Amino acid sequence: MGVYEELKERGLVAQATDEEKVRDLLNNGKTSFYIGFDPTADSLHVGHYIPIMVASYLQRAGHRPIMLFGGGTGMVGDPSGKTDMRKMLTKEEIAHNISCFQKQMSHLVDFSDGKAVMANNADWLSNLNYIDFLRDIGVCFSVNRMLTAECYKQRLERGLSFFEMNYMVMQSYDFLELYRRYGCQMELGGDDQWSNIIGGVNLIRRKENADAYGLTVSLLTNSEGKKMGKTERGAVWLDPNKTSPFDFYQYWRNVGDADVVRCLKVLTFVPMEQIHQFEHLEGQQLNEAKELLAYEVTRQIHGKDEAEKARSAARAIFAQGVDTENMPSSEITADDFTDDKIGILDLLVKAKLAASKGEARRLVVQGGISVDGKKAADGTVAISSADFEKEKGKFVVIKKGKKVYHKVILK
RNA sequence: GGAGGAGUUCCAGAGCGGUCAAAUGGGACAGACUGUAAAUCUGCUGCCUUACGGCUUCGAUGGUUCGAAUCCAUCCUCCUCCA
């Protein structure tokens, strides 16, 4: 079975420009392919993860990934899938974000010995001459055709600036440029990138009279069709400082029953034979699959140690009692005490378990808070410094709701 | 360039001089039920306060008024139609 079939079987492939040729190229050839990333945040999130997975598969199959950072396009913003125009970033922000991306990506893609390439489209986009660009590239695009592209259609109803309209042209130009520089023959992207990818494929055909291909990856959605990896609080980040390995683990541990098997296929390298066994499970048995999913995904992003810590912390907490070892924590100092005590509300705010004292009070009143296993009855409960004294150190364990455990350490 | 319309709390979307911290729905959070699932039901959703109450919000800035999210002026942003 070739790598293409493997990707297909795992449900990673959404569309390909020319399935026969793409299959042949991936299974039998050696090529370079690229994925573009918009450096609009300082961390990758789960949405970026699947294309990187695919890149990883393809790299193992002998192809060379080119990770393209949109240092230039990031200053425009892709209208695909957005109903509002994106805010513009400064050059400094973009540079910072790119360096963060690089670090995170190296977990999944091997950059040693030129096995993968990093590129930044600012290298060729920022010095373009407008007139030359229009004459050379602009003539290859039909506005009529562009407007029929799904990504613009939606925006047309709400308004689309000329500025954003150029996104497709720039992305297509990236592909052409990578083709010329690295012999890049394929662009990989989320399924929402389809029209932009086609633009590049067509451009290469016109300018270079050569074949190029596009392959899109299914977006990760749950059984209700909502995008996964996003909570209302924001995305599930790959940066451990933004989403702790424990929270990351828990996110996957808590996926819906209907989504586990698909997530295993798409997000992990667990062999298909093993996954097939899970397909017959139902009800409570699925917890085993969920644990595997959570462990594997966490391991791939944060490494084996963190994954094991998260798993044992979760097991301990939910099985019985509390594992204080690997629990997310925060610190307070003696200065936070008044008369040798700290109010439960202040403590919750300090530990960032509540955004304000009002919210903290609400949690307590609704019975959602307990400290060291004792439910806090009302907002007047106070914790004295003596309560922090434990055999293993100075801390208390706060439980918020059913699943959130937090250790507050007294320094 | 001309004529209209709109900007409300996380989102959608009511309100159109006092009874508005602002209806309703969604989301989030908490409780019950459970399998660390889903569905369902309940509560809750600006900040400070045990509470009474106070404080800051309805694009921005000024103004009218005893009193403004609601009226007026200017500005900013967006939309629609015409050129």
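From a predicted model like this one, the values you see are computed outputs, not experimental measurements. Naming convention: chains lettered A, B, ... in sequence-line order (proteins, then strands); numbering from 1 in each chain.
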Worksheet entry | Pairwise 5' ranking along RNA chain B for A:Lys290 and A:Val404, keeping only the more 5' one |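 Looking at the nearest nucleotide for each, A:Val404 comes out on the 5' side.
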Fill in: 5' precedence on RNA chain B between A:Gly367 and A:Arg311 (nearest-nucleotide basis)
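Its nucleotide being nearer the 5' end, the pick is A:Gly367.
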Worksheet item: How does protein reach along nucleotides 40-49 of chain B, written 5' to 3' as B (base within reach of a heavy atom under 4.0 Å), S (only sugar-phosphate), or - (no contact)?
Response: ---BSS-SSB
What integer number of Å spans the [atom1] atoms of [N] and [M]?
N	M	atom1	result
B:rA3	B:rU24	P	41 Å
B:rG67	B:rA30	P	44 Å
B:rG17	B:rA12	C1'	27 Å
B:rG13	B:rG7	P	10 Å
B:rU57	B:rA68	P	12 Å
B:rG26	B:rA60	C1'	30 Å
B:rU77	B:rG18	P	32 Å
B:rC58	B:rC10	P	12 Å

Worksheet item: Does the side chain of A:Lys403 get closer than 4.0 angstrom to OP1 or OP2 of B:rA37 through an N or O atom?
Response: yes
Worksheet item: Rounded to the nearest 0.5 Å, how far does CD1 of A:Ile50 lie from CG of A:Leu188?
Response: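 If I round to the nearest 0.5 Å, the distance is 11.0 Å.
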Worksheet item: Checking all strands, does A:Gly379 fall into the base, sugar-phosphate, or nothing category for heavy-atom contacts under 4.0 angstrom?
Response: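 Touches nothing.
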Worksheet item: What is the nucleic acid contact for A:Gln250, judged by heavy atoms within less than 4.0 Å: base, sugar-phosphate only, or nothing?
Response: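 Since a base atom lies under 4.0 Å of A:Gln250, the category is base.
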Could you tell me how far apart [X] ([atom1]) and [N] ([atom2]) are, to the nearest whole angstrom?
X	N	atom1	atom2	value
A:Lys400	B:rC29	NZ	P	7 Å
A:Leu281	B:rG35	CG	P	17 Å
A:Leu348	B:rA30	CG	C1'	13 Å
A:Asp259	B:rG35	CG	P	20 Å
A:Leu363	B:rA28	CG	P	16 Å
A:Leu286	B:rA37	CG	P	13 Å
A:Asp257	B:rG35	CG	P	12 Å
A:Lys402	B:rA30	NZ	P	8 Å

Worksheet item: Is the shortest distance from a Lys or Arg side-chain nitrogen in A:Asp257 or A:Lys290 to a carboxylate oxygen in the other one below 4.0 Å?
Response: yes
Worksheet entry | Test: A:Glu291 and A:Arg253 ion pair at under 4.0 Å | no
Does [N] have a Watson-Crick or wobble partner in any strand here, with both distances under 3.5 angstrom, and which is it?
N	result
B:rG4	B:rC79
B:rC71	B:rG63
B:rC55	B:rG46
B:rU40	B:rA32
B:rA12	B:rU24

Fill in: Distance-only polar pair, side chains of A:Gln193 and A:Glu187, donor-acceptor under 3.5 Å
no
Worksheet entry | Modelled atom types, side-chain donor and acceptor of A:Asn121 and A:Gln171, under 3.5 Å |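 A:Asn121 vs A:Gln171: no donor-acceptor pair found between side chains.
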Worksheet item: Are the ring centres of A:Tyr295 and A:Tyr249 closer than 6.0 Å?
Response: no
Worksheet item: Within 45° of the ring axis of A:Phe395 and under 6.0 Å from its six-membered ring centre, is that where the NZ or CZ of A:Lys407 lies?
Response: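 Flagged: A:Lys407 positioned over aromatic ring of A:Phe395.
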Worksheet item: Under the 6.0 Å and 45° cation-pi test, does A:Arg299 pair with A:Phe269?
Response: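 Negative - A:Arg299 is either too far from the ring of A:Phe269 or too far off its axis.
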Fill in: A:His63, A:Arg10, A:Glu6 screened by side-chain hydrogen bond (donor to acceptor under 3.5 Å, both in side chains) with A:Tyr57, the one that passes
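The residue from A:His63, A:Arg10, A:Glu6 that satisfies side-chain hydrogen bond (donor to acceptor under 3.5 Å, both in side chains) with A:Tyr57 turns out to be A:Arg10.
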